[in-house]
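These figures come from a predicted structure and were not determined experimentally.
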Amino acid sequence: MAKSEGQSLRSLMVPEAFLRFFLETTGSFNDFMIHVPGAGRQFQKEEFVCKASNAPSIMVFLQWFTETQMFEVYTTERENDRNVVLGTFEEKVLEFQSEDHGELFSDHRRFKKFKLFGKNKKK
C-alpha cells in the first residue's frame with residue numbers, strides 16, 4: 001500500500017472510530033429525555049450516566065462528558081425544541097440502531113464489545 005493510500009485510509013478510520021465510540025456511549029441519549037408536566041422536556045443526566053453503560057471506564061467518561069459545554073448545549077437544544085432538525089449524529093444513531101447492532105441498544109444500550117470496522121466479507 002502506498003503511503004498516501006495509508007494516510008487516506010487512516011483519515012477515514014479515525015473519524016469512523018470516534019463516531020462509533022459516541023454511538024455506543026451516547027446513542028441512547030433520547031431514552032433519557034422525559035416530559036415533565038409544567039416544565040417540558042428534561043434530560044435525566046444521572047440516569048443516563050448510570051444506565052448507558054455497565055463498564056466503569058465508560059461511566060467515568062460519561063460523567064465527565066455530560067459536564068462539557070458541548071453536551072450541555074446539545075441537551076438544552078433538544079429540551080427546548082422538539083422539532084430540532086436531525087443532524088448527522090442523530091441520523092447515524094437511527095442507522096446504527098436499524099443495523100446488526102440492535103443488541104447494543106437493548107437494555108438501555110448497555111455497552112457491549114463488537115467489531116467496530118466493517119464486517120468480515122468472504123468472497
Side-chain angles (χ1 to χ4, degrees):
M1 183 182 316
K3 186 176 182 177
S4 64
E5 288 177 11
Q7 290 173 336
S8 245
L9 183 58
R10 264 192 306 274
S11 69
L12 294 174
M13 289 178 66
V14 170
E16 176 71 12
F18 276 101
L19 179 59
R20 290 292 177 147
F21 173 77
F22 280 100
L23 286 172
E24 290 178 28
T25 57
T26 64
S28 64
F29 170 89
N30 279 327
D31 290 350
F32 300 93
M33 288 292 279
I34 63 167
H35 179 75
V36 177
R41 289 169 39 112
Q42 290 184 349
F43 177 62
Q44 302 299 305
K45 188 184 300 186
E46 291 77 22
E47 288 283 318
F48 174 69
V49 170
C50 292
K51 292 184 178 178
S53 175
N54 58 2
S57 59
I58 299 298
M59 289 176 70
V60 169
F61 168 77
L62 289 174
Q63 287 171 340
W64 168 81
F65 184 66
T66 57
E67 297 297 324
T68 64
Q69 183 177 8
M70 178 176 66
F71 194 78
E72 286 291 325
V73 168
Y74 183 82
T75 56
T76 301
E77 285 177 353
R78 275 128 194 96
E79 286 172 341
N80 295 333
D81 188 2
R82 299 185 114 206
N83 299 318
V84 173
V85 176
L86 290 182
T88 302
F89 182 73
E90 289 89 357
E91 289 175 0
K92 290 293 183 181
V93 167
L94 293 174
E95 181 182 313
F96 194 72
Q97 288 173 333
S98 69
E99 290 178 359
D100 297 0
H101 310 295
E103 74 281 357
L104 198 108
F105 287 94
S106 61
D107 191 26
H108 285 91
R109 283 120 169 112
R110 300 250 185 237
F111 185 77
K112 296 180 181 180
K113 293 181 181 178
F114 67 96
K115 185 172 179 169
L116 297 177
F117 296 104
K119 298 178 182 177
N120 291 334
K121 296 180 182 178
K122 296 182 180 180
K123 293 183 179 181

S.K.: Nearest 0.5 Å, please: how far is CG in Leu23 from CG in Leu19?
M.R.: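 Answer for the CG-CG pair, Leu19 versus Leu23, is 4.5 Å.
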
S.K.: More than 12 heavy atoms of other residues, nucleotides or ligands under 6.0 Å from CD of Glu91: is that the case?
M.R.: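 More than 12 within 6.0 Å, yes.
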
S.K.: Can you tell me how far apart CZ (Phe61) and CZ (Phe22) are? Round to the nearest 0.5 Å.
M.R.: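 Separation between the atoms: 4.0 Å.
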
S.K.: Side-chain heavy atoms nearer than 4.5 Å, only ILVMFWY residues, links allowed to pass through others: does that put Phe21 and Met59 together?
M.R.: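 Per the 4.5 Å side-chain linkage, Phe21 and Met59 are not co-clustered.
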
S.K.: Taking C-beta and beyond as the side chain, do Glu90 and Leu94 meet within less than 4.5 Å on heavy atoms?
M.R.: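 SC-SC contact between Glu90 and Leu94 ruled out.
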
S.K.: Check whether Leu62 and Met33 end up in the same hydrophobic cluster, where Ile, Leu, Val, Met, Phe, Trp and Tyr are linked by side-chain heavy atoms less than 4.5 Å apart.
M.R.: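 Per the 4.5 Å side-chain linkage, Leu62 and Met33 are co-clustered.
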
S.K.: Which heavy atom in Ala55 sits nearest to a heavy atom in Ser53, and how many Å separate them?
M.R.: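 Closest approach of Ala55 to Ser53: N-OG, 3.0 Å.
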
S.K.: Residues two or more places apart in sequence or in another chain: which of them pass salt bridge (charged side-chain N to carboxylate O under 4.0 Å, His left out) with Lys45?
M.R.: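 Salt bridge (charged side-chain N to carboxylate O under 4.0 Å, His left out) list for Lys45, sorted by chain: Glu67, Glu72.
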
S.K.: Are Phe89 and Phe29 close enough that their ring centers fall under 6.0 Å?
M.R.: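 They do not qualify: ring centres at least 6.0 Å apart.
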
S.K.: Does any non-hydrogen side-chain atom of Phe32 lie less than 4.5 Å from one of Lys51?
M.R.: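 Lys51 reaches Phe32 side chain to side chain.
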
S.K.: Can the ring centroids of Tyr74 and Phe65 be said to lie less than 6.0 angstrom from one another?
M.R.: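 Tyr74 vs Phe65: aromatic centres not under 6.0 Å.
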
S.K.: List the residues meeting salt bridge (charged side-chain N to carboxylate O under 4.0 Å, His left out) with Glu46, not counting sequence neighbours, and say none if there are none.
M.R.: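 With sequence neighbours excluded, Glu46 shows a salt bridge (charged side-chain N to carboxylate O under 4.0 Å, His left out) to no residue whatsoever.
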
S.K.: Quick one: pull up CD in Gln44 and CG in Asp31 and give me the separation to the nearest 0.5 Å.
M.R.: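 Nearest 0.5 Å value for the CD-CG distance: 12.0 Å.
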
S.K.: Is it possible for you to say whether Trp64 and Val49 belong to one hydrophobic cluster, with membership spreading through side-chain heavy-atom contacts below 4.5 Å?
M.R.: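 The answer is yes; both residues are in one hydrophobic cluster.
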
S.K.: Take Arg20 and Glu24, measure what salt bridge (charged side-chain N to carboxylate O under 4.0 Å, His left out) needs, and give me the verdict at the end.
M.R.: CA-CA 6 Å; Arg20 290 292 177 147; Glu24 290 178 28; over 6 Å; no

S.K.: Drop me the distance from Met70's CE to Thr75's OG1, to the nearest 0.5 angstrom.
M.R.: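 It is 11.0 Å, given to the nearest 0.5 Å.
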
